[in-house]
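One structure is given here, and the rest of the page talks about it.
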Amino acid sequence: MLEIQGIHAFYGLSHVLFDVSLRVGEGEVVCLLGRNGAGKTTTLRSIMGIVPPRQGHVWFRGEEITHLPPHRVVQKGIWYVPDDRRIFPDLTVRENLEIAERPGRRGLWDRERVYELFPVLKSKERQKGGTLSGGEQKMLAIARALVGNPDLLLLDEPLEGLAPQLIRAILEQIQEMKRLGLTVLLAEQNVHAALQVADRVYVIDDGRIRFHGTVEELRAQEGIRRKYLLV
Amino acid sequence: MVLGFLASQLLVGLSRAMILFIVSAGLTFVLGVLRVPNVFHGSLYMIGAFSAFSIATQLGHHPASVWVAFLTAPLVVALIGLAVERTLLTRLYQREHLMLILFTFGVTLVLNDLVKLAWGADYRSILPPPVLQGSAVLMGVPVPRYNLFLLAVGPLVALGMWLFTHRTRIGKLARAAAVDREMVALLGIDVNHVFAGAFLVGAYLAGLGGALVAPSTSITLGMDHTILIEAFLIVTTGGLGNIWGALLGALLFGLTQSLGVLIWPQFAIVFPYLATASVLLVRPRGLLRSVW
Ligand SMILES: Nc1ncnc2c1ncn2[C@@H]1O[C@H](COP(=O)(O)OP(=O)(O)OP(=O)(O)O)[C@@H](O)[C@H]1O
Ligand SMILES: [Mg+2]
């Protein structure tokens with residue numbers, strides 16, 4: 001579904017991604033693991049066209065999207081949930097969802113449906129986005145992408161800073177999304193949690209892909225885990 | 001007698017404040033959403049007044065002619081604004097504010113020359129619609145009907161802006177883009193469309209202010225300068241990008257201007273500037289929350 005071929009990305013003069021390639025198949029949950037500064041966010045931003053790669057290609061459903069502006073990438077069906085949430089603080093919870101709502105190919109998700117996933121959002125529907133707690137904003141950010149009815153969802157550290165209970169809840173929701181046919185690319189540092197939902201894993205470090213394989217293969221590779229993931 | 005004079009000055013101040021509010025609301029909206037300090041906002045106001053004059057005089061003595069001018073002149077101005085935004089301004093959003101100020105100032109020069117070509121340097125005037133001519137007597141004091149009309153229009157515009165920004169999709173997107181335009185793009189929305197819509201609304205308000213002021217003033221080249229300075233002051237006192245702030249700022253400005261006449265007639269002009277300066281000394285970011 002998504003295919004990245006040898007991309008190089010830069011912030012100004014600093015070279016951040018080196019020849020990154022990865023593939024996400026339809027219906028898969030793929031994890032991009034790596035520690036702080038490894039290049040996870042940059043990879044996702046490159047896919048979205050926020051940091052367009054200077055070399056290499058990004059393909060989605062057989063179509064090249066490498067140089068599309070972000071809003072066109074989203075229109076193709078790829079939605080991105082940034083790690084810093086980026087909730088619109090002056091808009092209510094409901095308005096945050098309303099402006100993102102889009103029937104999409106599947107038309108599976110709407111406001112009512114995401115309120116079922118995250119009941120706390122329903123109860124705070126009329127509250128300003130800026131008044132939600134960090135965890136609630138994380139849920140709203142995921143909900144906001146879901147009502148856009150993505151085909152592929154890019155989640156950037158959705159578990160960061162959440163209580164164990166909430167981590168479990170979000171992992172369950174990811175599994176539920178997968179069951180409903182959504183494809184997910186999940187960037188995480190929380191290896192233990194991420195491996196519970198992942199089908200396949202890529203490990204990135206210093207802007208380079210260091211490993212890819214199944215969860216079992218990663219579990220068997222003690223050295224990779226020690227060297228790049230500190231676990 | 002003294003009380004009557006006070007009441008009539010109050011009314012003059014309030015109705016002036018309504019015009020100031022309408023124009024400033026447009027300026028502050030564009031400033032908030034697009035982050036563009038639009039220096040040719042005053043020119044759009046002037047074009048609104050001249051267009052209203054032309055439309056009303058073309059239609060002649062028909063009782064509805066001025067009403068038609070009120071409805072159509074702002075639309076003409078909105079389209080002129082949109083044309084400038086789509087062709088030129090849209091290329092400059094990534095640039096620093098100084099560029100935007102210089103560019104919009106350049107547009108001012110061009111528009112003002114065009115106004116001179118189209119309407120000449122003469123003073124023009126139109127009468128209010130027939131039903132709004134003359135005075136009504138309120139509690140024993142004669143008050144111009146047209147001022148009462150302006151008093152009603154101001155709150156309607158405020159309500160309209162509220163409905164636009166809270167009840168329409170493009171309005172909500174404009175509020176979102178004011179804070180985080182990149183995130184709006186990440187919802188699959190072409191931010192340029194939102195900007196075009198917001199600029200259209202801003203220009204419309206400038207034109208509406210110009211059309212509404214036309215029957216109560218002489219329409220002339222140069223009327224853009226004063227309003228521009230006043231509107232920028234009001235927008236700054238209110239809090240950049242805040243429409244309710246623009247309303248407060250306009251009331252402060254209009255009322256101190258008209259009531260200053262009672263206190264010190266020769267220097268009435270300084271009161272609103274003193275008032276806004278004192279507000280900014282105490283609250284440098286303006287009365288209400290700025291989106292900047
Ligand atoms: N806006 C930027 N300008 C310059 N350099 C940046 C910028 N953003 C990130 N970098 C650099 O790029 C590298 C990769 O950063 P990136 O944000 O992709 O890492 P990450 O894996 O998402 O880390 P984290 O887990 O901390 O979010 C880092 O060395 C970082 O310092
Ligand atoms: Mg990151």
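The sequence lines fix the lettering, A, B, ..., with proteins before strands; numbering per chain opens at 1.
Within a 6.0 Å sphere centred on CZ of A:R200, heavy atoms belonging to other residues, nucleotides or ligands number more than 12.
Using a 4.5 Å heavy-atom threshold, the side chains of A:R102 and B:I189 count as touching. The shortest side-chain heavy-atom distance between A:E95 and B:H166 falls under the 4.5 Å cut-off.
Only the side chain of A:I50 comes within contact range of chain B, judged by heavy atoms closer than 4.5 Å. For a residue to count as touching a neighbouring chain, one of its non-hydrogen atoms must lie under 4.5 Å from one of that chain's; by this rule A:P89 touches chain B with the side chain only. Only the side chain of A:R144 has a heavy atom closer than 4.5 Å to any heavy atom of chain B.
The two residues B:L187 and A:F88 have their closest heavy-atom pair at CD1-CE1, 3.8 Å. For the residue pair A:Y80 and B:M183, the shortest heavy atom distance occurs at O-CE, 4.5 Å. The heavy-atom pair separating B:R169 from A:E98 by the smallest distance is NH1-O, 3.5 Å.
Put simply, of B:L173, B:L186, B:V184, the one with the most heavy-atom pairs under 4.5 Å next to chain A is B:L186.
To the nearest 0.5 Å, atoms CG (A:D90) and OG1 (B:T165) are separated by 11.0 Å. Rounding to the nearest 0.5 Å places CD1 of A:I99 at 8.5 Å from CZ of B:R175.
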